[in-house]
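Note that this is a predicted model, so its numbers are computed, not measured. Heavy-atom basis, side chains included; hydrogens, waters and symmetry copies ignored.
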Amino acid sequence: MNLAISGLKYIEEIKNGNYTIEEFVSKTLEQIQKLDGKLHAFLSLNDKAIDQAKKLDKKIQKNEKIGACFGMPISIKDNICVKGTKTTCASKMLEDFVAPYEATVISKLKSEDAIIIGKTNMDEFAMGLTTEFSAFGPSRNPWNHDYVPGGSSGGSAVAVRALECVASLGSDTGGSVRNPASFCSVVGYKPTYGLVSRYGLISYANSIEQIGPLTRTVEDLAFILNIISGIDDKDNTTVDNKNEDYLSEIDAGVEGKKIGIIKEMIGDGADKEVVSATNNAVKKFENLGAKCEEISLDMVDYSVAAYYTISATEAGSNLARYDNLRYGFDFPLEGFEFNSYISKARKNFGPEVTRRLIVGGFVPSAGFAGKYFLKALKVKSKLTAEVNEAFKKVDLLLAPTVPICPFKLGEKIDDPIALFLIDFNTVTANLTGKPAISIPFELSDGLPIGIQLLAKSMHDKALLQAAYALQNTVHLPEIQL
Amino acid sequence: MTKIGLEIHCQLTNLESKLFCTCRANYRGYEPNTNVCPICMGLPGTLPLLNQKAVEKATTIAMALNCKTPEKLAFFRKNYFYPDLPKNFQITQLNVYGPTSIGLEGKVLVDEKEIRILRIQLEEDPGRLIYEGSSEKTQITLVDYNRAGTPLVEIVTEPDFENPKQVRLFLNMLSDLLENLSVSDPELEGAIRADVNVSIQGGKRVEIKNIGSFHDLEKAIHFEITRQESLAARNIQIIQETRHWDEQRKITISARRKEEELEYRYFLEGDIPWILIDSQTLDRLKNDMPESIISKKERYISKYKIPSQVAEVLSSDKFYSDMFEQVRDETNVKDVANIITTDLMGLVDTKEKRENSKLTPQHLVELVNAIKSNKITRTAAKIALKEIVKSGKTLSDVISELDLVHVSDASELTRIIDQVLSEEIIAVEQAKTNPDTINYLIGKVMQKTKGNADPKLTLSIIQKKIQT
């Protein structure tokens, strides 16, 4: 049995009876056992996974109806609520929080008989780009253990690449799915804002973030998106996608499509290996019959500043509830007045969260909002207008997912501003609500480089078609695990 | 000149569910922390789901107070830490970035004085804090989240009131209006609460919070005006501050400065998309709105020729006006109005009594008919009404059980009068010279007939007998 197969291939193997769900799930758990001590992709595992697999195998034996996932082992970022299991956000603050309800995406996956294999590591409350800000220790890049896997959905990307699951769900607020997808060479997706329900996703910056899948192939991604997308009466911001089938016609190709290469995203701050990979991707698209042209988005230069201002403001509000009154961790109550209790309890936030909460308390405050927060909103709306304008000329936008190559653990952890700039190419999709995908494209010195594509809102299907076309031109060497 | 403004919080108690989840809007009477769910407890990962009905009910209030109602509504987060606030922010509304609250710029007439409404906003009520323990040292604070998320309408007036009386009349008007619109039950404890701000000529604005009842509100205003005037008389500056109403001592006391330095970091609530109130919705709400109290009153006066005072009393209370509308027809309007305002009101003057009352409109119809056809007297009707409210028996049962049949048969009455006159020889003698004594004799007849004798007929028979 080979774990290095796509999700769609897995379903075929199970359907054909080449092996049982139990066999595949056990093998997957063995893989986790073998590798996760080093990689640390998981924060917790589902100890009922084998039982669930057995139950599904019985269903198959009895020819009973079974959901589309056929027991596919899927991992979930630890900021998405799975009923009855710990959902920690990789934070001391939620160390003992057991979710009493199910996120909509989890209900949907379960109703299609996916097996939730475990919860994956992340930067605390999804704030970070390396997974080094997890309160429970960093994850490592499976291509080279000295390197960061990206973040904040680092554990998800590692788990998918290291064959510790077939697919994973992460969350993308400023690039948190696409960034680790690029660093680990998996497919990572940020859907159109509102396409996937956020009910059960623990908010960081709720106006711009989405749950998104990480998979080994674009087809797998379309398959998962078919299950998790759509309007949800538990999330007022979801949009009706009329049950769009993202998998059908995925091989439509890009013949005649116009692709804009975002000039600002391959500028001075970008590594030359990344620029060269981008140029190669452009060539490949042209060979596939697409027309590529460089395009300039002036507002991109301000996007990171706007992103951090807006996300910190929303974080300051979204994380205010962690006062350790109704749930949280063990902490003596005696001798504190309410406000001093809160400030003591909040000392359990890690350094990056603390940093952003301080910023988030300042930039929208009276007297400073005009200078920071309201300006950031202005950048957001101008950037959106600019991107919408660009999409009148082109069908897709292209840029490297991350402007630099993966780097070593500890290399940038003391330089928050340098870390912020790594988001330069990803935040535009979040600020404008557009769908964006990262596709594994090249290896440089044995480390992955991903290419990013963006499309118009609700044109997720066209985006996946283009991503599929590019994927089929890419042949990366096997990873040594 | 004294300027008084109000900030009124009114719960939409008649709604089924809370503002952002399906827990009950009327949380009263449940064990603490049982009317809660992950959403109103603000658990990680939950999202607010807007109760559209709350938006509509609040809009109805805005229309009734002659406010402008914006086409696009938005919600904002008001960020502050307080143990009664599960998310440590409150979802509320704001007009700072353009008119996006339920209503604004309204006006109403109170006692000939125009009161301007600054804005009306929809927001979530926090939980309730319960303080236990005798001394400061042993005191503990308990939190009950049953109330958290209850739809709350905040009505902010301009400082247009000049005296406590205008405030009282306004609040009475408002509470009748809310009841008439069937959005809130003002009788429920805590359903309507008000903060007030007071300033006198040349002084700064002082806000008073924590006032438990409308009764205390009036006292607080009186106290505050007196306090400020006495400061002014001694040339002491009146500073801008927030003061708390001390219920026990009936005085206002300065709140700690710390609470004034509040920083709310307002921003748009992204989890609730903008709400569009199109003209169709507005038309529908307008059509569905019950007739206003003023219009009812005018109709009662002009159409039914009911005296203005009676019409006022009748129209301002939904319970009575509903009863009136159900019972009245062309022939009996005045009698129905009379029996409701003079007899019924005394019998069902509290919420509890109303709920326990067994009276149906059909009862009232029969009662009015019985009076009109001289079957029973007004006095007997009053006794019958009391019994019906209590037992719900039919009028005919009550009349026969309590022996209330009207004695209007002249021969029967003459027989009783003869008996009385023979027993009261002295009074009869006196009555020949002093007509007032006749009333005494009538009283005796009424006693014998349990008030069922026709008073006019009794008088004329006695007069005839005495003169002969």
Check against side-chain contact (heavy atoms from CB on, under 4.5 Å), Arg198(A) and Leu47(B):
CA-CA 8 Å; Arg198(A) 287 180 296 112; Leu47(B) 299 170; 3.8 Å; yes

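- Counting heavy-atom pairs under 4.5 Å between each of Asn79(A), Asn318(A), Ile80(A), Leu325(A) and chain B puts Asn318(A) at the top.
- Comparing Ala99(A), Ser203(A), Gly361(A) by heavy-atom pairs within less than 4.5 Å of chain B, the highest count is held by Gly361(A).
- There is no contact between Thr87(A) and chain B, counting heavy-atom distances below 4.5 Å.
- Between the side chains of Ser317(A) and Arg77(B), a donor-acceptor pair is found at a separation under 3.5 Å.
- For chain A, the nearby part of Phe89(B) is the side chain; its heavy atoms alone come within less than 4.5 Å.
- Using a 3.5 Å distance cut-off with no hydrogens or angles, the side chains of Asn33(B) and Arg326(A) do not pair a donor with an acceptor.
- When heavy atoms are compared at a cutoff of 4.5 Å, Ala366(A) approaches chain B by way of both its backbone and its side chain.
- Between Gly270(B) and Tyr193(A), the shortest heavy-atom contact is O-OH, 4.4 Å.
- Neither the backbone nor the side chain of Tyr80(B) comes within less than 4.5 Å of any heavy atom of chain A.
- No more than 12 heavy-atom neighbours from other residues, nucleotides or ligands sit within 6.0 angstrom of NZ on Lys92(A).
- Across Leu374(A), Asp233(A), Asn206(A), Leu201(A), the residue that shares the most heavy-atom pairs under 4.5 angstrom with chain B is Asn206(A).
- With a 4.5 angstrom heavy-atom cutoff, Pro83(B) touches chain A via backbone and side-chain atoms both.
- Within the 4.5 angstrom heavy-atom criterion, atoms from both the backbone and the side chain of Tyr199(A) approach chain B.
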Quick one, Arg265(B) with Phe373(A), criterion side-chain contact (heavy atoms from CB on, under 4.5 Å). Give me CA distance, side-chain angles, the key distance, then yes/no.
CA-CA 10 Å; Arg265(B) 293 181 285 125; Phe373(A) 181 59; over 6 Å; no

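- Residue Leu268(B) does not touch chain A at all, counting heavy-atom pairs closer than 4.5 Å.
- Judged by distance alone, the side chain of Arg321(A) and the main-chain N or O of Gly42(B) form a donor-acceptor pair under 3.5 Å.
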Audit row: Thr46(B), Tyr101(A), side-chain contact (heavy atoms from CB on, under 4.5 Å) steps and yes/no:
CA-CA 9 Å; Thr46(B) 56; Tyr101(A) 69 96; 3.6 Å; yes

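- Asn236(A) and Asp271(B) are not linked by any side-chain donor-acceptor pair at a separation below 3.5 angstrom, with hydrogens and angles left out of the test.
- Put simply, the side chain of Tyr266(B) never gets that close to the backbone of Ser365(A): no donor and acceptor are under 3.5 Å apart.
- When every heavy atom of Cys81(A) is checked against every heavy atom of Pro44(B), the shortest pair comes out as SG-O, 3.8 Å.
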